[in-house]
Visitor: 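Starting off with a structure, shown below.
FYI, side chains are in, hydrogens and waters are out, and symmetry mates aren't considered; it's all heavy atoms of this structure. Reminder, nothing fancy here: chain letters follow the sequence lines and each chain counts from 1.
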Amino acid sequence: MHSPIKEVNPQSESVEIVGWVHEIRDLGGLLFCLVRDRTGILQVTIPKKKVSPIVQEVMKGVTRESVVRIRGTVKAIEKAPGGRELIPDNVELLNSCETPLPLDVVEKVSADLDTRLDARFLDIRKPRVTSIFLIRSAMMDAVQVYLFSRGFIHCTTPKIVAAATEGGTELFPIAYFEKEAFLNQSPQLYKQMMMAAGMEKVFEIGPIFRAEEHNTTKHLNEATSIDVEVSFADHRDVMALLESLIVHVYGQIREQCSDQLAALNIEEFPIPRIPFPRIPYEEAIGIATAKTNEKISFGDDIGTTAEKAIGDEIGEHYFIVDWPTAIKPYYAMPYEDQPHLCRAFDLMHPRMELASGAQRVHQYALLVEQIRAKGLAPEGFEFYLNPFRYGMPPHAGWGLGAERLLMTMLGLNNIREAVLFPRDRHRLVP
RNA sequence: GCCCAGGUAGUGUAGUGGCCUAUCAUGUCGGCCUGUCACGCCGACGACUCGGAUUCAAAUUCCGACCUGGGCGCCA
C-alpha cells in the first residue's frame, strides 16, 4: 500500500509512494528526483553507485511528469527539503510522459490562462492550482455540513426545463425530442415548489446556465449555484442564515486548509465579522453618486463602476437591501406600506455581488399581478403558479454563486481560476 | 455587443522598415559533475497566426480574417 507523500516521515522504515516526477536534478553520481502527489512533494535521492542497477536503468527512462511507484527507506536529513528523503530499493515506471510538456508544471515559466485552460489537466497538477480545488471541495463540504446541521433537506431539481425562470437573462435552448426546452438558469421556481411540498427548509447545489455574451473576469456561462429556500421565514431570517454560513465556511477553511492557503501565499485569512452592514438601496446609490459623480436615479441598476465605488467605501461584506420592486424579479415580496420597495437583498463582497435573495410572494393573486407587471404571461407559468393556490407557506431564500464565493475568498483575479473546466463565451473545450 | 491592448520556438518574452542568418529565460537532446533545492558548466535543437497591400527591402507599416487578454454593457 502506498502512503500519501505528506504522511511520509523518517520514522517510517520502508515506504511506498506513487506520484508524478516533478523535477529531476542529476548531479552526476547523485540524482535527486522530486515526486509529487496531491498532498505534497518528496525528494527521492539516488546515489548511483549505491542503488541497484535496476533502479539506475529505470531512472534513465523517467522524464518529468512520468508516473512512478517508488519503494525505499526514508531518512531524516537536514539538507533535504522538508528534512526527509527517500532512498529507493525499487522504482517502477507506471507510465512515461511525453516531451515537451504543453506547459511548465514547476512554474519556472508562467503560462497564459488560455494556454493553461487548454492543458487544464496539467495545469491542475501545479500545487498552487491543486490547492484551489482542494479548498473548493472543503468549501462545498462546509456548506453542506452547515445546512444539514440547521435542519435543511438536500434536493435535486431538473436542469432541463420548459420555461424561463424570470425573463431577462438569456437561456440555452436544447432539443427535447419534439419539444423545445432550455437549460435552467436557476432552480428558483422548483425550490419554491418544494415549499409548497411541505419540505420547509431545502438546499440545492447545482449548475446554472446563462446564455449571455458577457466577457468579464466574473461571469461564466455555466456556474454553480448554492440555493436555499426556507418556509415561515422572511428576508431578514435568510440574510442572517447567509451571513452565518459565510462565516462558517471561512472558519472551516482556515481550520482545515492551512497548507493549501500557504501554497496560495495567503498569509492572512480573516474571517468576516457579522452582522454585515445592511445598506438600503437608496443609500447605496447615494454613496456611488458621491464617489463617482455619475448620476444614478432611483430605479437604475447598480453598474460595475458604482458597485466598485460602494465596495471601496464599505470595505467588507455587506447587504444591499430594500430594492426597488421594479428592478427585482416578480417573486420578490413588496413591502405592504411601500410597494415600490421590496424585501429583496444582494450580498456583496467589496469586489462583486455574491448572492441575491428575498422574501418571496406567496399569495397567488399578487404573484399573478407581479408577473403581468413584468410583461410576462402567467399562462406560461401554470406549473409554478398552481402550488400557490393550494396552501403555499410564506417563504424566503437566496442563491449564492459558488465560484464567486471561492474567488473572493482566495483573491483569485479571474473566476475561471475557480472552475475546473470553465465555460465562457468562447470556450467549450476541454 | 461596444471600446482598448495584443498574437514571435513546447512555455514565457525582446525586437516599431535594412544592423534579424530574430534576443533572453525556461524546456528538450547530448556531454561533464556525489548534496541539489530556480543545481552549475559546455554544446545542440526549436518561432515571427493567416490572407492581401505598400516598399528595392516587412516580425516591424496598411487593410481584412481568425484567435487571445482587459475594461464596459448586460447579468449572478
Side-chain angles (χ1 to χ4, degrees), chain A residues 22-34 41-51 60 63-65 75 77-83 85 87 97-119 122-123 126 165-171 185-188 207-227 294 301-308 320 327-329 344-349 351-357 398-405 407-408 413-416 424-427:
Chain A
H22 191 65
E23 265 188 284
I24 300 168
R25 296 195 194 101
D26 188 350
L27 271 59
L30 187 62
L31 184 145
F32 299 106
C33 175
L34 304 185
I41 295 175
L42 178 65
Q43 174 166 292
V44 175
T45 303
I46 300 169
K48 289 187 192 165
K49 285 177 185 155
K50 293 181 190 160
V51 298
K60 279 183 192 161
T63 49
R64 290 196 318 162
E65 297 305 320
K75 284 190 176 149
I77 298 242
E78 205 150 295
K79 50 195 167 184
E85 65 182 15
I87 314 291
C97 178
E98 290 184 23
T99 61
L101 294 164
L103 53 79
D104 177 16
V105 177
V106 178
E107 288 198 278
K108 283 183 186 172
V109 178
S110 60
D112 289 343
L113 185 59
D114 190 49
T115 308
R116 292 173 47 205
L117 293 176
D118 280 341
L122 259 186
D123 184 56
K126 296 173 183 171
T165 306
E166 49 198 274
T169 189
E170 307 243 355
L171 300 168
Q185 63 179 125
S186 156
Q188 180 65 30
I208 54 169
F209 305 91
R210 307 276 164 104
E212 283 136 12
E213 301 197 12
H214 33 48
N215 188 231
T216 76
T217 54
K218 59 178 186 183
H219 290 93
L220 293 164
N221 292 292
E222 178 177 356
T224 308
S225 182
I226 300 166
D227 266 276
E294 258 176 54
D301 267 314
I302 296 176
T304 309
T305 317
E307 189 177 285
K308 278 180 186 157
I320 300 179
I327 56 171
K328 282 290 175 185
F345 58 88
D346 281 3
L347 171 65
M348 309 297 296
H349 177 275
R351 288 175 69 195
M352 72 190 76
E353 179 182 340
L354 296 182
S356 67
W398 40 256
L400 166 66
E403 287 81 12
R404 287 187 174 189
L405 177 59
M407 178 188 182
T408 53
N413 55 24
N414 193 313
I415 199 164
R416 293 163 180 83
D424 63 31
R425 176 65 186 85
H426 300 289
R427 184 173 286 278

Visitor: Across all strands shown, which nucleotide pairs with B:C37 by Watson-Crick or G-U wobble geometry, both distances under 3.5 Å?
Guide: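 The answer is none; no pair meets the criterion.
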
Visitor: Would you say A:Arg25 places a side-chain N or O within less than 4.0 Å of OP1 or OP2 belonging to B:C33?
Guide: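 Checking A:Arg25 against B:C33: no side-chain N or O falls below 4.0 Å of OP1 or OP2.
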
Visitor: Side-chain contact test, heavy atoms from C-beta onward, threshold under 4.5 Å: evaluate it for A:Ile415 versus A:Arg404 and give yes or no.
Guide: yes

Visitor: From C-beta outward on A:Ile77, which listed nucleotide comes closest to its side chain: B:G35, B:U68, B:G12?
Guide: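 So the side chain of A:Ile77 is nearest to B:G35.
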
Visitor: List in chain and number order the residues that pass side chain to side chain donor-acceptor pair (under 3.5 Å) with A:Glu222, two or more places apart in sequence or in another chain; answer none if no residue qualifies.
Guide: none

Visitor: Please check the phosphate of B:C39 (OP1 and OP2 only) for any side-chain N or O of A:Lys108 closer than 4.0 Å.
Guide: yes

Visitor: Does A:Asn221 form a side chain to side chain contact (heavy atoms under 4.5 Å, CB included) with A:His214? I'd like the steps, not just the answer.
Guide: CA-CA 9 Å; A:Asn221 292 292; A:His214 33 48; 3.9 Å; yes

Visitor: Any idea which of B:C75, B:G70, B:U28 is nearest the A:Asn215 side chain?
Guide: B:G70

Visitor: Given A:Glu85, which of A:Thr45, A:Ile46, A:Val44 fulfils the side chain to side chain contact (heavy atoms under 4.5 Å, CB included) condition?
Guide: A:Thr45

Visitor: With a 4.0 Å cut-off on heavy atoms, is A:Ala355 in touch with a base, just the backbone sugar-phosphate, or nothing at all?
Guide: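 Nothing, no heavy atom under 4.0 Å.
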
Visitor: Choose from B:C75, B:G1, B:U26 the nucleotide whose nearest atom is closest to any side-chain atom of A:His219.
Guide: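 For the A:His219 side chain, the nearest candidate turns out to be B:C75.
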
Visitor: May I ask you to decide if A:Gly303's main-chain N or O and A:Asp301's side chain share a donor-acceptor pair within less than 3.5 Å?
Guide: no

Visitor: Could you check A:Lys79 against A:Thr63 and say which one's nearest nucleotide on RNA chain B is further toward the 5' end?
Guide: A:Thr63

Visitor: Would you say the side chain of A:Pro102 lies within less than 4.5 Å of the side chain of A:Asp118, judging by non-hydrogen atoms?
Guide: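 They are not in side-chain contact.
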
Visitor: Counting side-chain heavy atoms from C-beta on, which of B:U34, B:C72, B:U36 comes nearest to A:Lys49?
Guide: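 It is B:U34.
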
Visitor: State which of B:U68, B:G35, B:A25 makes the closest approach to the side chain of A:Val109.
Guide: B:A25

Visitor: Which part of the nucleic acid does A:Pro47 contact within heavy-atom distance under 4.0 Å: base, sugar-phosphate only, or nothing?
Guide: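 Counting heavy atoms under 4.0 Å across all strands, no contact is made by A:Pro47.
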
Visitor: Hey, does the side-chain of A:Glu85 have a donor or acceptor N/O within less than 3.5 Å of a partner on the base of B:G35?
Guide: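 Looking at the base of B:G35, it does pair with a donor or acceptor on the side chain of A:Glu85 (distance under 3.5 Å).
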
Visitor: Is A:Asn413 touching bases, backbone alone, or none of the nucleic acid, heavy atoms closer than 4.0 Å?
Guide: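 Nothing: the residue A:Asn413, judged by heavy atoms under 4.0 Å, touches no strand.
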
Visitor: Does a nitrogen or oxygen in the side chain of A:Lys308 sit under 4.0 Å from OP1 or OP2 of B:C72?
Guide: yes

Visitor: Of all the nucleotides listed (B:U68, B:G12, B:C74), which has the minimum atom distance to the side chain of A:His426?
Guide: B:U68

Visitor: Under 4.0 Å, heavy atoms only, any strand: does A:Glu23 hit a base, just the sugar-phosphate, or nothing?
Guide: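 Sugar-phosphate contact only.
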
Visitor: Look at the side-chain N and O atoms of A:Asn414 and state whether any lies under 4.0 Å from the OP1 or OP2 oxygen of B:G70.
Guide: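 For B:G70, OP1 or OP2 has a side-chain N or O of A:Asn414 closer than 4.0 Å.
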
Visitor: Is the distance from OP1 or OP2 of B:C75 to the nearest side-chain N or O of A:Thr216 less than 4.0 Å?
Guide: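 A:Thr216 to B:C75 OP1/OP2: no side-chain N or O under 4.0 Å.
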
Visitor: Base, sugar-phosphate or nothing for A:Asp112? Non-hydrogen atoms, less than 4.0 Å.
Guide: sugar-phosphate

Visitor: Using a cut-off of 4.0 Å on non-hydrogen atoms, how would the nucleic acid contact of A:Leu354 be classed: base, sugar-phosphate, or nothing?
Guide: nothing

Visitor: CD1 of A:Ile24 versus P of B:A38: gap in Å, rounded?
Guide: 17 Å

Visitor: Taking any heavy-atom pair under 4.0 Å as a contact, classify A:Asp26: base, sugar-phosphate, or nothing.
Guide: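 The residue A:Asp26 makes base contact.
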
Visitor: OP1 or OP2 of B:G71 versus the side-chain N and O atoms of A:Thr217: is any pair under 4.0 Å?
Guide: yes

Visitor: If you assign each of A:Leu101 and A:Glu78 to its closest nucleotide in RNA chain B, which residue comes earlier from the 5' end?
Guide: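 Closest to the 5' end, via its nearest nucleotide, is A:Leu101.
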
